[in-house]
Amino acid sequence: MNSFSPRIEISLSQIRENTQILSDLYLEKGISLMGVTKAVMGDPSIAKAMIQGGVKFIADSRIENIQKMKSAGISTQFVLLRTPLSQAESIVKNADISLNTEIKTIKNLSYHAKAQNKIHQVIIMVELGDLREGILPYDLPQFVRETLSLPHIKIIGIGCNLACYGGIKPDDKNMRELSELVDLLEKEFQIDLKIISGGNSANYDWFKSSQNVGRINNLRLGESILLGCETVSRKAIPGLHRSAFQLIAEVIESKKKPSLPSGEICQDAFGNVPGFLDRGTRQRVIIALGRQDIPVSSLKSIDQLKMIGSSSDHIILDGENHNLEVGDEVRFSLDYGGLLAAMTSPFVMKQFTDCNSQVAI
Ligand SMILES: *Cc1c(COP(=O)(O)O)cnc(C)c1O
């Protein structure tokens, strides 16, 4: 009968087209792209679609995801976005480049690179106001000096990350600061920094409005490619697909019921005391999907069904005038948090819609 649900339907051709449009756009001002796969748990088919779309690197925050893509035969330059000291051996083995902010970690990478007879490449991350990862600009020269003394490490570039923790917008000022740091380091140490990675999907507005991108020649994009938007205000990027991912759940109950519960109101399953509006008797629909699968605020019904409430494994929708029956399916688009959760939930099946393969990851 129906396909398995809940499931997330993924269009690889839409992801490929999004990547292509973004690659072409950013290349107009000399910027190459890293395709970021962490939100899709390093899914090899999605990585492949990004590579076909023109990204020069695949970046992920988890070495396990990079291992998975390599085992699946994906061949590209792999970049690790978050570098734990304890995983240094595996990082040297599996990643070509890692982003770094701690000298202790880089020393450990150097140690393992020597053991594996390799040179490990690092991008040094600079703190420019967002207060997530990064070395303070003031400390950067000393950090670079120490890193240059390590024989099995090559500094291939510097980068920064904004709009993640502090919600700080990439703008001409902070991007210029990054460019100036590049000039300063190259001059002081007589080195050539190849990759200047200015940020993520939040850099779109800066890129569009900027006449001169300075030394910035790379961005690391996840959400723009996957969901078709920038991330400063979640505006759609012209020409991109916005629903390459859709979540589908099954109706398990459909009945007319009053909109007011009866009896004394106490705490619900999550410790809140709910309030209700009397809208008379309405058709109510329950779907087999819940908060254990996804933050329900991340869901947007494609058929404009209104959400009445949710618990760990049920979502109640106002089904008035929708003629939904038991066994019918309901479709949702997702925001980034929803995509992350759905791709990580073992209960949500992953299905590619524009080829025949069904892959559970
Ligand atoms: C997640 C991440 C990105 C990608 O961010 P998007 O907003 O999905 O484009 C880029 N850089 C770093 C360091 C990250 O952790």
Side-chain angles (χ1 to χ4, degrees), residues 15 18-19 21-23 25-26 31-43 46-47 49-50 53 55-66 77-84 87 91 95 97-102 105 122-135 156-170 174-175 178 195-208 216-237 240 242 244-245 298 334-344:
I15 294 168
N18 281 1
T19 315
I21 291 170
L22 289 166
S23 296
L25 174 76
Y26 282 109
I31 290 179
S32 71
L33 296 184
M34 297 180 180
V36 177
T37 48
K38 67 188 184 200
V40 294
M41 280 177 62
D43 181 275
I46 295 175
M50 288 180 175
V55 301
K56 300 289 176 244
F57 311 80
I58 290 291
D60 200 294
S61 50
R62 298 176 200 259
I63 199 68
E64 295 85 350
N65 290 343
I66 291 180
Q77 298 210 73
F78 284 105
V79 181
L80 187 67
L81 296 170
R82 185 192 69 174
T83 306
Q87 294 183 326
I91 293 165
I97 302 170
S98 60
L99 309 192
N100 285 276
T101 59
E102 289 287 354
T105 305
V122 297
I123 292 176
I124 295 174
M125 296 298 279
V126 188
E127 165 55 48
L128 290 178
D130 198 56
L131 295 183
R132 204 180 73 177
E133 74 274 37
I135 294 156
I156 191 171
I158 68 172
C160 73
N161 195 60
L162 297 170
C164 263
Y165 166 72
I168 298 303
K169 208 175 154 171
N174 46 40
M175 288 299 108
L178 188 63
I195 301 176
I196 316 303
S197 193
N200 51 43
S201 296
N203 282 59
Y204 178 79
D205 279 347
W206 159 77
F207 172 84
K208 288 295 279 184
I216 314 302
N217 64 10
N218 178 266
L219 291 174
R220 312 171 303 274
L221 301 187
E223 187 165 346
S224 296
I225 293 176
L226 300 169
L227 297 179
C229 62
E230 55 79 47
T231 56
V232 164
S233 49
R234 300 273 169 347
K235 279 192 310 278
I237 296 177
L240 297 196
R242 305 240 27 218
F245 296 84
S298 293
L334 301 166
D335 67 13
Y336 190 73
L339 176 65
L340 204 59
M343 290 303 289
T344 311

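Both ligands and their constituent atoms are indexed starting at 1 by order of listing.
Close approach of ligand 1 to Glu223 (heavy-atom distance below 4.0 Å) involves ligand atoms 6 (P), 8 (O), 9 (O). The distance from ligand 1 to the heavy atoms of Leu221 drops below 4.0 Å at these ligand atoms: 9 (O). Every atom of ligand 1 is numbered from 1 in the order shown, and the set under 4.0 Å from a heavy atom of Glu133 is 13 (C).
Considering both main-chain and side-chain atoms, Gly222 comes within under 3.5 Å of ligand 1 through a nitrogen or oxygen pair.
Taking the side chain as every heavy atom from C-beta outward, Val40 and Phe245 approach each other to under 4.5 Å. In this structure, the side chains of Val55 and Thr19 come closer than 4.5 Å at one or more pairs of heavy atoms. Under the 4.5 Å side-chain criterion, counting only non-hydrogen atoms from C-beta, Trp206 is not in contact with Asn174. You'll find the side chain of Ile195 stays beyond 4.5 Å of the side chain of Lys56, heavy atoms only.
Heavy-atom contacts from other residues, nucleotides or ligands closer than 6.0 Å to CD of Glu102 number 12 or fewer.
Of the protein's heavy atoms, Asn200 CB, 3.5 Å lies nearest to atom 5 (O) of ligand 1. The protein atom (non-hydrogen) at minimum distance from atom 12 (C) of ligand 1 is Asn161 OD1, 3.6 Å. Scanning the protein heavy atoms around atom 9 (O) of ligand 1, the nearest turns out to be Ser201 OG, 2.5 Å.
Within the set Met34, Arg220, Arg82, Lys38, the minimum heavy-atom distance to atom 14 (C) of ligand 1 is found for Lys38.
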> Can you list the steps and then say if Phe207 with Leu25 is a side chain to side chain contact (heavy atoms under 4.5 Å, CB included)?
Replying inline: CA-CA 10 Å; Phe207 172 84; Leu25 174 76; 3.8 Å; yes
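Between Glu230 and ligand 1 there is no heavy-atom distance shorter than 4.0 Å.
For the side chain to side chain contact (heavy atoms under 4.5 Å, CB included) criterion with Thr83, the lone passing option out of Ile91, Ile123, Ile63 is Ile91.
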